[in-house]
Each structure stands twice: as structure tokens, then as C-alpha cells.
Amino acid sequence: MDLTPLQAVLDSLSGIIWGPFLLIPLLVGTGLYLTIRLGGLQFLKLGAGLRLGLLRRKDDGAEGDISQFQALTTALAATVGTGNIVGVATAIGIGGPGALFWMWITGLVGMASKYTESYLAVRFRTTDEAGEKSGGPQHYLRRGIPGPLGRVLAVSFAIFTVIACFGIGNMTQGNSIASNVEFSWGVPTWMTGIVLAALTLVVLVGGIKSIGRVTAGFVPVMIVFYVLGGLWILGANVTALPAALAQVFTDAFTGTAAIGGFAGSALIIAVQMGVARGLFSNESGLGSAAIAAAAARTTHPVRQGLVSMTQTFIDTLIVVSITGLTIVVTGVWDDVDEAGEQISAALMTGEAFSTGLPGDWGHWVVTIGLVMFAYSTILGWSYYGERNVERLFGRRLVMPFRVLFSLVVFVGCTTELSLVWTFSDIANGLMALPNLIGLLILSGLVARETRHYLRHDPRLEASKDEIEAFMADQPGWADWKAGDEIGTSRIDVRRARR
């Protein structure tokens, strides 16, 4: 069966959704607007968020399923993926070194979006029949925006998230793992598929607490492993680093002349690729990471919002920077092969690490890093899909979903996925649209409640009793506490259907 016409249609649709006139300006514009409304919160409170999420790691006596650190690592598991290796190379390969600058800008404004959606996820979270927290756009769009608009936005987000989780969060990641393992070690894809599906099912059966434990131990190791490899290369090329940074900043505003097969000669391409791949990497504004934030044990939504905000900082300002600077400082971004063609994005990061590290270390770092990044993405996105299945159909379908999700991993490992990649991009983009509308509508509530909280607890050090005292008479405080009642998630579903 010839799928070329369908592929062409999907490519066109994806180009419109992720093009320069719809999702990209909406995502960046929303981030800028929220940055202004929140008074530059991401710059003023980044240190407090990092201290709470990475050092203290939990709120004593708070309601929730997992610690704030585990919620952070679960969200990082889903976002620190192949986009941090292949996506960055694609942006630089097409848009030139200047694309990295625009990825940084996207990350900085995206932190405000990530804070807002995570705040709302905790603020409007509910509790399902099993006593587990459930939150994210599928709930705060419904509970925060009254009338038919909120219901439509919430259900739309839930549907597109379930679709996207099988694509970008499952099959494409499994395929990346299987193909790289086969190339590096000669392991058949079907064998990788069986092992990966079994490991996924073992983790998923335990729910978010199991996922949180695995990601809390797994994600920091994988990030440190990859970052240390990149820092070694940057240290070995430290004399070339100032020139590389200068080129990033210069090309961000001038573009780069074409070299060989290089296509990024225009400024608009550098901006478009940097923004698109930056958003694809950190997912700020998509609403996905907010689902993990809702499960955190936290004494106030502001606290988890600030912790979740650091995810974008870690993903884009640290991991993406390591990949991008390594590619630029080693010079592989404009290298050509024997045929005179530019090195493909899929090979560019590997080539940079192989050039910068001794022996075969570079190949091993990139291959192992990609496998770990992709597998962690599978775990994170499984939870996103599960919470939205629960939102649409109730708790009874959660376990069947976990089993099905694990089986689909095998399909992804053993199937060609060009159509799935494109369809996943579309579903991912369609997730963002209802969420961004909701962030703009609810931005006033978030700004008002955030200001009140930070006036009383600017360093995030207040005890649970102290928070109860200064929040007692605030509008919405009783509503948030009511979300701890078992069954409130299911009540919302019934209301939405009426």
C-alpha cells in the first residue's frame, strides 16, 4: 500500500501547526506574556526552586503520591529525550549555530509557562477512586474555566495526549533505542523490543510511585553521565569555546552563509529552528509536565510550580547547551562527508562526541545516553497517557492501558515509523493549543495567588501550619483542599458529561 500521499498530507499539516504563524509564536508569546505578568519569576526564584527540588526534595506532611524531587525527575524523564541529542543537531544543522541562542531564549521564557501550568495542575488537582492524585490541563481547564469552553478544552487536551503518548512518547522512542542498539551491538530489534516491553510493564504496574522511584534513581545518573562527557569535550577545547560562543550570538541575528549542503543561510531559519526544537525539547506550554507535577507531595501550588520550572532550566539551559556547544566547538556542524554532503543530524552529535573524546568513548556516551534518554521518555509519557485515560474513561481502564502501552513499545521497536513521527508531531502540537488558551485565560488567577504566597514565604521555608495560617481566608484555598477527597476526579468526569 502506497502511503506517500498520506505522508504528504501529514507533512503539510505538521508544517502548518509547527510553522512560524501558529504554534511557535503562540508558545513564545504566551511565555513572554506570563513572564511579564509574573514579574520575571523564573529569574528571581530559580535559586529557591532548585534548592527545594534538588536539595530539600520534599515538603513534610504534605498530601500527594510522590516527592517533589520524584515529580521533577518524572517530568525530566519525559522531556530529556532524543530531542536533546538529535533535535539539537537538527536545529543547528538547518539553522546554524545561532539556532542554539534561540533555544536558550525559548527555554528562559518557557520557564514561566512551565511554572504556570504546574501551578494550575496542583491548584486544581483531584483524587481518583484509588486515592491517587490526578491533575494537569485535563482537569484545570475544566475546573478553572467555567462553561462549555472549559469542558471542550479539557476533553480536547485529554484526547490528543492519549494519542500523542503512543507516538512521541512510545513507538518513536522504542524505535530509536532498538535501531541504535542494533547498529552498535548487533542486537536484533525484536529482542530489544521484548526486553524493553517487559521492563516497561514491570515499572508501570506499580503506578506513579514505581515510576517516581525509578526516575529518581535513573534520571540524575543519565543526565550527569551525558553532561560529564560533554564537559570533557568543552574542557579539551576550552581555547575554542569563546569563538564558538561568539558565533552562536552573532549568527543568532545575522544567519549563516551556506556551506556545502548547509541550508541555514537566513535569519528566519535560525529563529524558527531554534524555537521549534527548543519547545520540542523542554515541552514548556504543552501541558505534559504539569501532569507529573500534580502528583507531588507539596504544601502549596507555588512550591511545586517553582520546582517544576527548574525542569526547563535543566533540560534546555544545561543538557541542550552541552549538546549544542559540543557540536559547534568541534566544528562538525558544517563538516561534509566524502560525497560533499553535510553530515546528517542523526549522526552529528555522535560525530562531535567521537571527535572530542578519546578512542570509542564518544560513540559509547552518545549511544548509551540516547538509550537512557529514550527509555526514560517512555516511562514519563506512560504516566501522562494514563492520567488522561483516567480522566476520559475512569479508573477501570488504567491497568489495561498500562499493559497496552507496554505492548506497543515492542511494535515501535520493530516497525518503520516515518508516518508515526509526523502524526506524533501533529498530536503534540494539538495538545498545546487548548493548554495555551487556558494558560492565558487563567494567568490572572496564577499571578494574584502567586504574589500573595510569596509575600509570606519568599524563600519557600514556611511550615505547613504557617502556610495554613496565612492562606486560610484566601479564595480558592478551600477548593484546593477539597481536591484531596477520594473520588473528586471521577465527579469531575460525570459533571463534564452532563
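- Remark: of the listed residues Lys58, Glu63, Gln304, Gln68, Gln68 is the sole one forming a side chain to side chain donor-acceptor pair (under 3.5 Å) with Thr298.
- Taking each heavy atom of Lys114 and Met309 in turn, the nearest pair found is CG-CA, 4.1 Å.
- Proximity of the aromatic rings of Phe225 and Phe373 is defined here by a centroid distance below 6.0 angstrom, and this criterion is not met.
- Ser284 and Asn282 share a side-chain donor-acceptor pair at under 3.5 Å.
- Nearest approach of Ile322 to Gly230, heavy atoms of both residues: CG2-CA, 3.6 Å.
- Residues Leu454 and Lys45 are in side-chain contact: their nearest non-hydrogen atoms beyond the backbone lie under 4.5 Å apart.
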**Request:** Go through the steps to decide whether Thr192 and Val195 satisfy the test side chain to side chain contact (heavy atoms under 4.5 Å, CB included), and finish with yes or no.
**Result:** CA-CA 5 Å; Thr192 300; Val195 173; 6.0 Å; no

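- Taken to the nearest 0.5 Å, the CG atom of Leu286 stands 7.5 Å off from the CG atom of Leu23.
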**Asked** Would Tyr453 and Phe470 count as a side chain to side chain contact (heavy atoms under 4.5 Å, CB included) if you check the C-alpha gap in whole Å, the side-chain angles of each, and the deciding distance to 0.1 Å?
**Response** CA-CA 8 Å; Tyr453 182 86; Phe470 68 72; 3.6 Å; yes

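- Between Phe101 and Trp104, the ring planes are perpendicular. Angles over 60° get that label, and only those under 30° would be called parallel.
- Salt bridge annotation for Glu129-Arg396: absent, with no cationic side-chain nitrogen under 4.0 angstrom from a carboxylate oxygen.
- In this structure, CD1 on Ile437 lies 7.0 Å from CD1 on Ile441, to the nearest 0.5 angstrom.
- A salt bridge links Glu132 with Arg387; the closest basic N to acidic carboxylate O contact falls under 4.0 Å.
- Ring pair Phe401/Phe166 is perpendicular by interplanar angle, where above 60° counts as perpendicular and below 30° as parallel.
- The only option from Thr450, Thr35, Thr312, Thr310 that meets the side chain to side chain donor-acceptor pair (under 3.5 Å) definition with Tyr115 turns out to be Thr450.
- With contacts defined as side-chain heavy-atom distances shorter than 4.5 Å, the pair Thr79/Gln311 qualifies.
- Between the side chain of Arg57 and the main chain of Leu54, a donor-acceptor pair closer than 3.5 Å is present.
- The shortest non-hydrogen separation linking Gly483 to Thr127 is O-OG1, 2.5 Å.
- Here the options are Val221, Ile85, Leu231, Leu370, the test is side chain to side chain contact (heavy atoms under 4.5 Å, CB included), and the partner is Tyr226; only Ile85 passes.
- Within a 6.0 Å radius of CZ in Phe423, other residues, nucleotides and ligands contribute 12 heavy atoms or fewer.
- Of all the heavy atoms in Pro137 and Gly287, the pair that sits closest is CD-O, 3.3 Å.
- A pairwise comparison of heavy atoms in Ala77 and Thr215 identifies CB-CG2, 3.8 Å as the closest pair.
- For Gln42 (side chain) and Leu108 (main-chain N/O), a donor-acceptor pair under 3.5 Å exists by modelled atom type.
- The pair Lys481-Glu468 meets the salt-bridge criterion, with a side-chain N (NZ, NE, NH1 or NH2) lying under 4.0 Å from an Asp/Glu carboxylate O.
- Closest approach of Val205 and Met399 over heavy atoms only: O-CE, 4.1 Å.
- Here the straight-line distance linking atom CH2 of Trp381 with atom OG1 of Thr172 works out to 9.5 Å at 0.5 Å rounding.
- Going from atom CD1 of Ile177 over to atom OH of Tyr375 covers 8.5 Å, rounded to the nearest 0.5 Å.
- If you run side chain to side chain donor-acceptor pair (under 3.5 Å) between Asp128 and each of Lys133, Arg391, Arg395, only Arg395 comes through.
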